[in-house]
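This structure is a prediction, so every number in the text was calculated from the model and none was measured. Heads up: numbering here begins at 1 and tracks the sequence.
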Amino acid sequence: RELRQYASHQFQAEDARISMSEFFEPHLSIGVERATITEVEDRDGASTNRISARNVTFRAGALPFFWLPVFEADGTMSPPLSGIGVNYNDITGAQVTTRWNLCGLLGMAPPPDTNLALNILGYTNWGIGFGITGTALGTNVDLSGVYDFGNQEQTSAGVLLTSPYQWRGTLSADRQFRMSDTATLQLQGSYVSDEAFMQTWRQMQFSNSFQRETSGYLVDTAERSELSMLISYPTNEVITSSAQLAARPYQSLKYPEGAYRRWGDSLFGDAITWHQEYTAGLMALEYGQGSTASTGVLANAFNLSGQPYAGGVFGQNTQLSDLYGSEGYNEQALTRVYTRQELSSTFGESGWKFTPFASGTAIGYLGGDLGSYSSAGDAFRALVAGGFRASADVVADHDEVDVPALDLHRMRHVLTPYLNTWAGWNTAQNLAYAVYDQEVEGATGSAAVQAGVRQRFQTMRGGPGNWQSVDWLSVDAVKLKKK
């Protein structure tokens, strides 16, 4: 209500109210009993404003909802409240969420590479909680804690459940370090309180994100090679991804796994191209926590309801660990050594190509109990495959085409018939091994033929002095036959 200038570089306001709204009664405003604005020099010698205020009140319309006794900050800093949301539905009840700039709330300038948000939420039926998200000194941070009221909650699958846990939450952090021009170290850690937290309180992440884990991955990538080391541990037996829960509700431990890959080496001049891969590591499985009922999935999500299995009859409360353990899966550690070699050669002139290829894979297992899953699982298996890729381009130019309304200036039609074949042989029968990695244990022998015709229509665009050829339309018709 009053603004005075006390010096050439200092102003003072009393009973002031600040808002970005043009309405007489703003939707969101900040009121202060007294605020002093002083022009000062920052660390770089540039001019900036320093704000010091007391009795700071945040209002939504005429309703005060947050109070600070004092607030001090550089003038370049924004008010600490950055977002507010209000909603309602019959399941959660009334929802109130607020988002705050954490450093601004504390009245401090953020450290380098730091941008943290404090999230405070309350659902009248579900519970109340807080979270901190953002970047701290270059590390991505996601922390959330919830006090659960113990009422019914709805999961992302639409199932209603009541959590037996009162205090729930999640914590994850990850960071990437550049060790050299070619080497990178990726570190991540995570924790989730229970098997239903993500699909109730973090439904978007549960549906769209990868499985969380605690891991370290060091990789050095050269022009045609890659050397890596991976150590990974699951998120305390909790499945945090809907895709993982639907596919295989267990996780693979790697402690550690080393790999070397190299591609594009030439043999006999440029007649043959050689790709090679080698991996070796100690690994194990860890069952997912919970049951159909406690994970909040649909009643027959695993398509097993009422069906007998080695441990009894599958029901809503059958633990995933009991189901998989009774079917021969085990959590014993074993060592796997793997190599894959591929040779290919390309023939052809301009307009056509023919590329035959052949590959061989050898896999060895040491330790563990392969026989508990299947008596067909051997300590050694091999896969051999071969085939070819063939294609040709038939080109027709239509220089008479000129349709300014569609920005078409000349037309080139490229017709590309192609044929791909592949056949593979596996020394072991299918489904003889529990799957630790889909591309290894999931690989089988089979045969396939793919034939198709790809059509591209190209035109010139850009105008005089800047003409360039672009694809205007692409159509691909394909037929796949496999055995």
Open item on the list: Are Trp100 and Phe130 an aromatic pair, judged by ring center distance below 6.0 Å?
Closed with: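 Not under 6.0 Å, so no.
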TODO: Verify whether the ring centers belonging to Tyr433 and Tyr373 lie closer than 6.0 Å.
DONE: no
Go through the side-chain N and O atoms of [X] and [Y] and say whether any donor and acceptor fall under 3.5 Å apart.
| X | Y | result |
| --- | --- | --- |
| Tyr260 | Glu277 | no |
| Thr182 | Asp220 | yes |
| Asp476 | Tyr418 | yes |
| Gln251 | Gln211 | yes |
| Asn420 | Arg389 | no |
| Arg202 | Ser209 | no |
| Thr346 | Thr355 | yes |
| Thr235 | Ser190 | yes |
| Arg178 | Thr184 | yes |
| Ser372 | Asn330 | yes |

- [ ] Test Asp113 against Arg175 for salt bridge (charged side-chain N to carboxylate O under 4.0 Å, His left out), laying out the working first.
- [x] CA-CA 12 Å; Asp113 298 322; Arg175 184 167 183 177; 5.5 Å; no
Open item on the list: Is it the case that atom CG in Asp399 sees more than 12 heavy atoms from other parts of the structure closer than 6.0 Å?
Closed with: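 Yes, CG of Asp399 has more than 12 neighbouring heavy atoms, counting only those of other groups under 6.0 Å.
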TODO: Verify the neighbour count for atom CZ of Arg461: are there more than 12 heavy atoms of other residues, nucleotides or ligands below 6.0 Å?
DONE: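 Yes.
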Open item on the list: Working to the nearest 0.5 angstrom, can you tell me the gap between Ser359 OG and Leu383 CG?
Closed with: 8.0 Å
Open item on the list: What's the separation between atom CD in Glu213 and atom OG in Ser252, rounded to the nearest 0.5 Å?
Closed with: 10.0 Å
Open item on the list: Against Leu118, only a single residue in Ile132, Thr133, Asn101, Leu143 fulfils side chain to side chain contact (heavy atoms under 4.5 Å, CB included); can you say which?
Closed with: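 By the side chain to side chain contact (heavy atoms under 4.5 Å, CB included) criterion, Leu118 pairs with just one of Ile132, Thr133, Asn101, Leu143: Ile132.
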Could you check if a side-chain atom of [X] sits within less than 4.5 angstrom of a side-chain atom of [Y], using non-hydrogen atoms only?
| X | Y | answer |
| --- | --- | --- |
| Glu441 | Tyr365 | yes |
| Pro249 | Tyr324 | yes |
| Gln95 | Asn89 | yes |
| Trp126 | Val146 | no |

Task: Residues Arg168, Glu153: salt bridge by 4.0 Å N-O rule - done: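 Salt bridge: yes.
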Open item on the list: If the threshold is 4.0 Å, N to carboxylate O, is there a salt bridge linking Arg340 and Glu439?
Closed with: no
Task: Thr318 (side chain) donor-acceptor with Gln316 (main chain) under 3.5 angstrom - done: no
